[in-house]
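This report refers to the structure that appears directly beneath it.
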Amino acid sequence: MKFDTPAQTNPIDQLKVIGKATTRIEGPLKTTGQAPYAYEHHDAVANQAYGVVVGAAIAKGRITSMKLEQAQAAPGVLAIVTAANAGKLGKGKYNTAKLLGGPEIQHYHQAVALVVAETFEQAQAAASLIDVQYQRSDGAFDLRSVQASGVEEKEQMADTLHGDFDGAFAAAPVQLDATYSTPDQAHAMMEPMASMAAWDGDKLTLWTSNQMIAWSVDDLATTLGIPKENVRLISPYIGGGFGGKLFIRADTVLAALGARLAKRPVKVALTRPLIFNNCTHRPATIQRIRIGATADGKITAMAHEGWSGDLPGGKVELAAQPSKLLYAAENRRVTMRLSTLDLPEGNAMRAPGEAPGMMALEIAMDEMAHKLNIDPVQFRILNDTQVDPVKPERPFSQRHLIECLRTGAERFGWDRRHAQPGNQREGRWLIGMGVGVAFRNNLTVKSGARVRLNDRGIVTVETDMTDIGTGSYTIIAQTAAEMLGVGLDQVVVRLGDSSFPASSGSGGQFGGNCSTAGVYAACVKLREAVAQRLGVSVEDAEFVDGHVRVGEQNLPLRDAARNGELVAEDAIEFAELSKKFQQSTFGAHFVEVAVDSATGETRVRRMLAVCAAGRILNPTSARSQVIGAMTMGVGAALMEELAVDRQLGFFVNHDLAGYEVPVHADIPHQEVIFLDETDPVSSPMKAKGVGELGLCGVSAAIANAVYNATGIRVREYPITLDKLLDKLPPMS
Amino acid sequence: MRPFTYLRAQSPAEAATLAAQVSGARFIAGGSNLLDLMKLEIETPAYLIDVNDVGLDRIEAAQDGGVRIGALVRNTDLAAHPRIRKDYALLARALLAGASGQLRNVATTAGNLLQRTRCPYFYDPNQACNKRQPGSGCAAIAGFSRQLGLIGVSDACIATHPSDMAVAMRALDAQVETIKPDGSTRTFPLSELHRLPGNSPNIENSLAPNELITAVTLPRPLGGTHIYQKVRDRSSYAFALVSVAAIVQKDGRGCIALGGIAPKPWRVERAETEMPNGAKAVVGQLLDGATPTHDNAFKLLLVERTLAAVLAQAREQA
């Protein structure tokens, strides 16, 4: 199905199932331990052996010698994979560094060996017996020290130069010129990367934990140098990914290589201390923002220039990107520069680009509002735009940012905020409120599905779409139920298997809208097939309560499959609409914090998000997405930072004790409001995404609340107490 | 993890004897730190002597009016004990500021005292660490040291002792009771248990080989206002950047121990005479000779401000 004109009224608009708060249909399986995660397919194949990955001990250089004899002789050891015996390996399109290093080492904890043994403990014990000697070479590990060498990567993000920024900024009566930084961050998902590989001749089956099945089949086939038809990936349940599992990682490739060498199925989970340096992370950024405005608060000039680093051939963290579209300004400069760093590979993490970009931009907006003596909510409203500011002929498909801000301000009690910072105190605590805009573009990606109807009236959906804890199973079931007029208990959803039609996968908050639109397309075909079998006209048919109604006729749906299962397959393909319209999601975050006036500890007291993100397919799972993102935003604001050892070139705090994310006690009551919006330009579902929107702007709202509480402006995340301490009020 | 032999002792004397009969033995109780270290092969005991069956799990009144805490009393039970809550509130508060509910359920009194540092370089076997591998150097001093120590440290090691419980016990003048493999017992002040690193940070305490802690005793209650203020980057389940354990009497005198800044619970008795003169005066003596790194220099001011807040709170509560 080609989606090339805005959606008309369709069966989804009935909203009998779609749009209803629905708890996740696979929830009972998860809470009773019956949903197998990647490392838990214990019965899938017999004779499973265990692989443990050895990570490089240096950041950059070469292996000069590798002695395996002791490890090979250790109890239970079946095989050891290294670059020396792995054969020629390719590199997947989505990987920057090699997944098996040696002799060249590209980053700390890059895999250099896999030890396969009868038990996990034996493999682990033998892994430490491998004696690897290295020759270190110098590397670049500090973004600031290589910032000046950054280059424009035109294919990833070309400069936006619109109007005359320099002239307009110089002429602006009110100016802000400030530089911000965001640190490297880890996905820190609950489930580690894990895979189990089994070969049958030259055919490989791989159980794994992966967000993008079709990409990863391609990349695994490329890496192993085998036809992709010979690779089957199975990833039905995923314990969080946040972008860290968009791509194949060392566990996947090494499980396949280990199974080939050991001639047995091999399962590999990356241990927690290895994940932080072995896998990808969100790269640190430096961002300089300049805003020029008239005295009455109209922005005339906006520059957002950012810098990030990665391994050679790597990715730009597109932090400046939101400034292309978020606020009106006649004159604009938006640029990103990429420098070479020899830290582990940078790549996508939840709301890549936008999350760190909004962390900086929304502090800058707060600073500017302060300079102008305009309320920060009002300042953003003043500079709203309903069109792409650089291409004014291109409107936003929907943009209800002003309504988000106004609704939020009213619900949060924004009028009780003291405009002058440092003015509200409760005992030892300094109290403040902050606001930050949420903004994340809506991407549309082709997505396919197959739908089956059997003679019991059961509808089965098959797609390689993944559920990374987001609720994909549930919204897909809701979509099929709505389209075919059956209850959720009549729908079976099968996900995460490359033998199913390729979907959008889970990334970029496009999965919810696109995968359900793909299921919609397949259901449209199935409705046609049903109508044909029942001998009725599909245009006249209503699918209601397990029946097909045409005028006076009321035929059981299952009768259509009486003579054999009906199968329909289709994909949604998006055409030109994203060129004609800018599709984005919007929101406003309001936060109240308390800062201990003695110690500088910041505690978040209240949080509210108001989101305008198209049709909300399932308010329950959408809310979970947003509060999870808000929680992640608290982490980004107050504690999350991969600490770089600038001499040795690695992330030092590489476990969950050292890399602190919020605990329950850090998270107060969170409220989420979804504005009633449908966006016919986005898809037949008229939905968009919220999973990343919820993260964008939260951290800045917290930073702004800390400023409002203390009068201290911190521009380097995270806002840990040491950055406040010497500026807090003197102790009596 | 290296293979090991697992033995279970039925009495404290048997545990110490068993440990002495073999080479490379470690006692295990809750195991909440030791097992992590074994998985990383930072600890590679040939024998584990499980002491969970040896008794030592009671909290009893002592003849001198104090209290005797068995080495195996779990942190959860200790924090919840009515006598501890009533007379040694400082200890209950410190315990509840530590770890998580699940960890406190298994962690024991003696195990808490003997837990090892959380310095990230100690936990990464690829990095130089004099504590893990004597003579290999210290990667932390020139590396990422925000969490690490600034007093009592040496050029060989700047690791901190991570316990909250021990900081409160130090302020409460706790004593440690032990038994040796030869059956002899001794009692000594907690202040003498932990060693400063000097040139041998791998030697962390004054226990003889295979000497087993059997109890911690607290003297008669000191009265006063008990405050344990732990400062950290998140609200729970984080080690202290700085912690202050204070007992403040009505006249403003009292005692203070600090956590998060030193290789042992940090207390300097002569600094306590300055308490009536305020936090700055106390800290001047308490942290005299401190050698902070660039990353952890903020702790000097943090100690002073936290202590000032604690003393102010004590005045309000008095």
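Chain A is the first sequence line, chain B the second, and so forth, proteins listed ahead of strands; every chain is numbered from 1.
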Note to self: Please report the interatomic distance CG(L638(A)) to CD1(I702(A)), rounded to the nearest 0.5 Å.
What the structure shows: 5.0 Å

Checklist line | Under 4.5 Å from a heavy atom of chain B, the part of S597(A) involved | finding: backbone

Item checked: Flag, side chain of S243(B) to backbone of A240(B), donor-acceptor distance under 3.5 Å -> no

Notebook entry, point to check: For P730(A), is it the side chain, the backbone, both, or neither that has a heavy atom closer than 4.5 Å to a heavy atom of chain B?
Noted result: backbone

Margin query: Between E716(A) and K723(A), does any NZ, NE, NH1 or NH2 come within less than 4.0 Å of an OD or OE carboxylate oxygen?
Written below: no

Next item on the list: To the nearest 0.5 angstrom, please state how far the CE atom of M66(A) sits from the CD1 atom of I130(A).
Entry: 5.5 Å

Note to self: If I measure from the heavy atoms of chain A, does K299(B) come under 4.5 Å with its side chain, its backbone, both, or neither?
What the structure shows: neither

Check: Contact part of F120(A) toward chain B, heavy-atom cut-off under 4.5 Å: side chain, backbone, both or neither?
Finding: neither

Next item on the list: Side chain from CB out, backbone as N, CA, C, O: work out which of these in R146(B) comes under 4.5 Å of a heavy atom of chain A, or both, or neither.
Entry: side chain

Check: Going from CG on D666(A) to OG1 on T631(A), what distance comes out if it is rounded to the nearest 0.5 angstrom?
Finding: 9.5 Å

Margin query: Please classify the contact of A140(B) with chain A as side chain, backbone, both or neither, using a heavy-atom distance under 4.5 Å.
Written below: neither

Notebook entry, point to check: Can you say whether I719(A) sits under 4.5 Å from chain B via the side chain, the backbone, both, or neither, judging by heavy atoms?
Noted result: neither

Check: Salt bridge or not for D138(A) and K60(A), using N-O below 4.0 Å?
Finding: no

Notebook entry, point to check: Given a strict heavy-atom distance threshold of 4.5 Å, which part of A56(A) is in contact with chain B: side chain, backbone, both, or neither?
Noted result: backbone

Notebook entry, point to check: V242(B), L302(B), L241(B), T306(B): which one forms the most heavy-atom pairs within less than 4.5 Å of chain A?
Noted result: L302(B)

Next item on the list: Name the region of I58(A), side chain, backbone, both or neither, that has any atom closer than 4.5 Å to a heavy atom of chain B.
Entry: neither

Check: Charged N to carboxylate O below 4.0 Å: is that the case for E426(A) and R603(A)?
Finding: no

Next item on the list: Please look at H654(A) and chain B and tell me whether the side chain, the backbone, both or neither of the residue comes under 4.5 angstrom of a heavy atom of that chain.
Entry: side chain

Check: Under a 4.5 Å heavy-atom cutoff, which of E41(B), R232(B), R2(B), Q127(B) has the most pairs with chain A?
Finding: Q127(B)

Checklist line | Most chain B-contacting option - heavy-atom pairs closer than 4.5 Å, from S128(A), A126(A), G658(A), P75(A) | finding: S128(A)

Notebook entry, point to check: Is it true that the side chains of N202(B) and E204(B) contain a donor and an acceptor less than 3.5 Å apart?
Noted result: no

Margin query: Report which part of Q124(A) has an atom under 4.5 Å of a heavy atom belonging to chain B: side chain, backbone, both, or neither.
Written below: both

Next item on the list: Flag the pair D655(A) and R272(A) as a salt bridge only when some basic side-chain nitrogen lies within less than 4.0 angstrom of an acidic carboxylate oxygen.
Entry: no

Check: Considering only heavy atoms, which portion of L725(A) lies under 4.5 Å from any heavy atom of chain B: side chain, backbone, both, or neither?
Finding: both

Next item on the list: Check whether V661(A) gets within reach of chain B through its side chain, its backbone, both or neither, counting any heavy atom under 4.5 Å.
Entry: both

Checklist line | Segment of M731(A) engaging chain B (4.5 angstrom heavy-atom cut-off) | finding: both

Next item on the list: Could you look at Q229(B) and say if it's the side chain, the backbone, both or neither that has a heavy atom under 4.5 Å from chain A?
Entry: side chain

Margin query: Within this structure, what is the NE2-CZ distance for the pair H281(A) and F276(A), rounded to the nearest 0.5 Å?
Written below: 12.5 Å

Notebook entry, point to check: If you measure only the distance, is there a donor-acceptor pair under 3.5 Å linking the side chains of Y108(A) and D645(A)?
Noted result: no

Checklist line | Part of E660(A) within contact of chain B (heavy atom distance under 4.5 Å) | finding: both

Next item on the list: Could you tell me the separation between the CG atom of D36(B) and the CE atom of M1(B), rounded to the nearest 0.5 Å?
Entry: 9.0 Å

Checklist line | Which of N653(A), L728(A), D596(A) touches chain B most, by non-hydrogen pairs under 4.5 Å | finding: L728(A)

